[in-house]
Amino acid sequence: MSVAKPLPHDAARLHVTGAARYVDDIPLPANTLHLAFGLSQIAAGTVTALDLNAVRRAPGVQGVWTAADLPSDCDCSPSAHDEPLLAGDTILYLGQPLFLVAATCHLAARHAAARALVTYEETDAILTIDDALAAESRFEDGPVVWSRGDAEAAIADAPHRVNGVIEMGGQEHFYLEGQTAAALPQEGGDMLVHASTQHPTEIQHKVADALGLPMHAVRVETRRMGGGFGGKESQGNALAIACAVVAQATGRPAKMRYDRDDDFLITGKRHDFRIAYRAGFDDAGRVLGVDIVQMARCGWAQDLSLPVCDRAMLHADNAYHLPAVRLESHRLRTNTQSATAFRGFGGPQGMLGIERVMDHIAHSLGRDPLEVRRANYYAAARVERVEGGISTKKKQLTPYGMEVSDFILHEMTEALADRCDYAARRARVAEWNAAHPVLKRGIALTPVKFGISFTLTHLNQAGALVHVYQDGSIAMNHGGTEMGQGLFQKVAQVAAASFGVEIGVVKITATDTAKVPNTSATAASSGSDLNGMAVKAACDTIRARMAAHLAAERQADPGAVQFEDGRVVIGSDVLSFAEAAQACYQGRVSLSATGFYKTPKLSWDRKRGAGRPFLYFAYGAACSEVVLDTLTGENRILATHILHDCGRSLNPALDMGQIEGGFVQGAGWLTTEELVWDARGRLRTHAPSTYKIPACSDRPQVFDVMLWDAENREETIYRSKAVGEPPFMLGMSVFHALSDAVAACGPGYPALDAPATPERLLAAVRRVRG
Amino acid sequence: MTTHDITITINGEAITATVPARRNLVDFIRQEAGLTGSHVGCEHGVCGACTVEVNGTPVRGCLMLAVQADGAHVTTVEGLADTGRGHRLRAAFQTHNALQCGFCTPGMLASALEYVEGGGTADRTAIREHISGNYCRCTGYQAIVDAIVEVIETGEGA
């Protein structure tokens, strides 16, 4: 069976020969226009004069649009209708598009855009969390508060207390392929859009809205992205809308690709957070009560900030049972890029907060942080006690009241600690640190528990379309998009398994809003869970029709028809799958079907913060060892060991890739990837020359990754688990190992902020030395 | 805008065109030759996605002007595939899943090819240093290093 095989990525052969096409590679007619935005050079204020004469006269320019020239406000927002394509008079961040240029080539458009003469009246910008708090600049009315038990009393009554604050920076997605879209006008005013997007349906919706067309007049196709990571969930809307507006106005195809610097300046990033905490705990480090305040910098537009901040709250417990807890979340509006989805979607920030609490508790008690973490873990899955013949389940609830019934981190932590020899290495690190005054080592083992499902319950649906042709070849389509994660191959494996054929029999086709409508973004790690099930449903429908027909012809039982090894077995008759398809075609059997899936068991009240937002949790644990030069702050990851839970993996090779890549990206977030805005709100780190993502030489010297082999307790597709986001948070082990190395320098608590750049590490070293 | 008439031989085929002085080599390859396997990532020489071979040496296609390559022989990922050169690396990249989104792959292969053909050893640290000029945002690099190590350890040539 094709499921569970470590097959390579479906497009691997195309990638290594340069034949894989991205949006910018699609051949377009010679009269295609190329677009560029002119960007605001201030963070807040008004435009008093916009002189675009020089732009219009620039070589190659075919048209220029300001907000007043657009057919509508051309809103780009996925949520609150607060993102006009082009700013009118009011400027809300530095980098905001002010006008749109169409020219005969990409460079001509960009050069022309630089010729604008703009006069501004600048006002005080709200740039930081403190600015926003002082100005009460927020999304939603006030902070969102969820609580369970009396945290205040539990903290007050506890034998020990800690409190502190951790700041954590945002993160630029740095998808290798920048944002790109193209629009081609069709007959009758219809529009065809090619977009590098995780959410073709949203592009369709927003383009239709902007042009004043029904959704059926806009078709969006996405074959692949050169990386997404959440950055192409909503941030591609502006380019697609701009292309469609120009294509509609001129009757010519239009294409837009952000230059990398523009991409950094225009698009949203991961939310940076400040998390303040107060915790009360017992002698063993067990938390008795905790109060956590999360402050998120959301930028100029609402975008996806509310669900991101919700997810941060939903992961404020990570793997730990918090008997009394109060969570307060501030969603702050600032004059910066609109912070958006990024792998983990607030989960990483929420988790880092409670991991800081665990680390701080351990330091204050002089205990091994792993010991404290384990002492606080949720109870093991389904602990059953039989008393007097009555079986009672020991229930432990999250802060939002969902029972944690599948907790497997006790066993996983034990297995990982054994595999990486944690205890002995921790002792060796202490010996090394005692003998070395300048270089200090640190080690940390941190867990991940990540909730799987969109927290906006209605998004947990998916559709698919499957055709079996009369020669036995199969075409498959679904609403998921391919950004490199291997979704298309995993889902093709599901289809091949359903019909008992080789993977090569199944053709993977581009995501297309004309084939499967009303899809959700490929996000929340849900791609395989949702689309795998939808495709399976479509395949099951066709298979049942085929079985019924073939069995009826032979007076056999349809239930006994077998599809395996490329054959169809009906009693003593054996047909090749192609012969079976041909026979069904001859017998006038429909060989095309749609499939649909909606995630069961979900019920979530986001206002109250109560219910079951997730179908299940995915788990993982990582142990990292680092070495830190306390004179320079320079550091290296010496070794990382990972044990990660993918349920019954649909494709272990692809899952390993997600784990390795997710870990490295997570470690990058917490170490080298630093976003710096200056006092006027200009992002100073707007290119890879100043913004450092991990290179190959930055990855751990020893890198050992294992899958935890156990099936999902929930009925997911072949009992697999989602794997897109959870491994990202394994990078926390590096951050806490660095904190451990700093702690070896003196008696104080490091209170390290993220990213742990050399500058921050040096400051922390000074802090602990007192 | 100053223009120049230049001829660049790309994958064995001479291409003559009149180009603006400031056109990058990678834009020339993509627009004049229509070869889109070389990708534009950061456009200032950091990410390595546009790496191609010019007269036998890997070059950032976004840092070299097309006019600088006048008269040169350029090999792109498509040219490698056509001639079979680097076929063991291509096979290893596929079997090891040394790619996800694939955008970095052509440039990564060019750098890996230089290392393997230059007699590089299977020393993982040396391999890591050599390909550190090529960013990959997806894989975490583990599989890429594995693929290169396998090519070196299991036979002759790239």
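Below, read A as the first sequence line, B as the second, and so on, with proteins coming before strands; counting in each chain starts at 1.
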For B:R90 and A:T17, indicate whether the former's side chain and the latter's backbone hold a donor-acceptor pair under 3.5 Å. no
Counting only heavy atoms not in A:R13, do more than 12 fall under 6.0 Å of its CZ? no
For chain B, which of A:G668, A:G661, A:A667 has the most heavy-atom pairs under 4.5 Å? A:G661
Does any part of the side chain of B:H39, heavy atoms only, come nearer than 4.5 Å to the side chain of A:Y22, both counted from C-beta? yes
Shortest non-hydrogen pair, A:K692 vs B:Y135, comes out as CD-OH, 3.8 Å
A:L14 versus chain B, the contacting section by heavy-atom distance below 4.5 Å: neither
Where on A:F703 is there a heavy atom nearer than 4.5 Å to chain B: the side chain, the backbone, both, or neither? both
Contact leader toward chain A among B:G37, B:G140, B:A49, where contacts are heavy-atom pairs under 4.5 Å: B:G140
When you compare the side chain of A:V16 with that of B:Q94, does any pair of heavy atoms fall below 4.5 Å? yes
If every non-hydrogen atom of A:C696 is compared with every non-hydrogen atom of B:I131, which pair is closest and at what distance? SG-CD1, 3.7 Å
Should the pair A:D24-B:R30 be classified as a salt bridge under the 4.0 Å nitrogen-to-oxygen rule? yes
Heavy-atom distance under 4.5 Å between the side chains of B:R137 and A:P694, does that happen here? yes
Among the options A:A19, A:A687, A:G178, pick out the one with the most heavy-atom pairs lying under 4.5 Å from chain B. A:A687
As an exercise: rank A:E177, A:M225, A:R21 by heavy-atom pairs under 4.5 Å with chain B and give me the winner. A:E177
A:F229 vs B:C138 side-chain heavy atoms within contact, under 4.5 Å: yes
Interface check, chain B: of A:S689, A:P688, A:G227, most non-hydrogen pairs under 4.5 Å belong to A:P688
Would you check if the side chain of A:S697 reaches a backbone N or O of B:S132 as a donor-acceptor pair within less than 3.5 Å? no
Smallest heavy-atom separation, A:G657 atom then B:Q100 atom, equals O-NE2, 2.9 Å
Could you report the tightest heavy-atom contact between B:C42 and A:F174, atom names first, then the distance? CB-CZ, 4.4 Å
Take B:C47 and A:L176 through the side chain to side chain contact (heavy atoms under 4.5 Å, CB included) test and state the conclusion after the steps. CA-CA 8 Å; B:C47 80; A:L176 259 274; 4.1 Å; yes
For the pair B:Q142 (side chain) and A:E660 (backbone), establish whether a donor and an acceptor sit closer than 3.5 Å, ignoring hydrogens and angles. no
Got B:L99 and A:H9 here, is their nearest side-chain heavy-atom distance under 4.5 Å? yes
For the residue pair B:N97 and A:M656, establish whether any side-chain heavy-atom pair is separated by less than 4.5 Å. no
Considering only heavy atoms from C-beta outward, does the side chain of A:H15 approach that of B:P106 to under 4.5 Å? no
Proximity breakdown for A:E482 and chain B, heavy-atom pairs closer than 4.5 Å: neither
Nearest-0.5 Å distance that lies between atom CG in B:D27 and atom CG in A:L107: 6.0 Å
Decide, yes or no, whether a salt bridge links A:R257 with B:E43 under the criterion of side-chain N to carboxylate O below 4.0 Å. yes
Please examine the side chains of B:Q31 and A:H106, heavy atoms only from C-beta on, and report whether any two atoms are closer than 4.5 Å. no
Among A:P27, A:G228, A:G18, the residue with the most heavy-atom pairs under 4.5 Å to chain B is A:G18
Using heavy-atom distances under 4.5 Å, tell me whether B:L109 contacts chain A through its side chain, its backbone, both, or neither. side chain
Ranking B:R23, B:H44, B:H96 by heavy-atom pairs under 4.5 Å to chain A gives rank one to B:H44
Contact class of A:P700 relative to chain B, heavy atoms under 4.5 angstrom: backbone
Tell me, for B:T139 versus chain A, whether the close heavy atoms (under 4.5 Å) come from the side chain, the backbone, both or neither. backbone
Stepwise side chain to side chain contact (heavy atoms under 4.5 Å, CB included) check, A:M483 with B:C101: CA-CA 6 Å; A:M483 59 197 99; B:C101 86; 5.9 Å; no
A:Q665, A:Q485, A:R699, A:R260: which one forms the most heavy-atom pairs within less than 4.5 Å of chain B? A:R699
Honestly, the part of A:F264 sitting under 4.5 Å from a heavy atom of chain B is neither
Which atoms of A:D698 approach chain B - backbone, side chain, both or neither, heavy atom under 4.5 Å: neither
For chain A, the option from B:I127, B:V46, B:L35 that forms the most heavy-atom pairs under 4.5 Å: B:V46
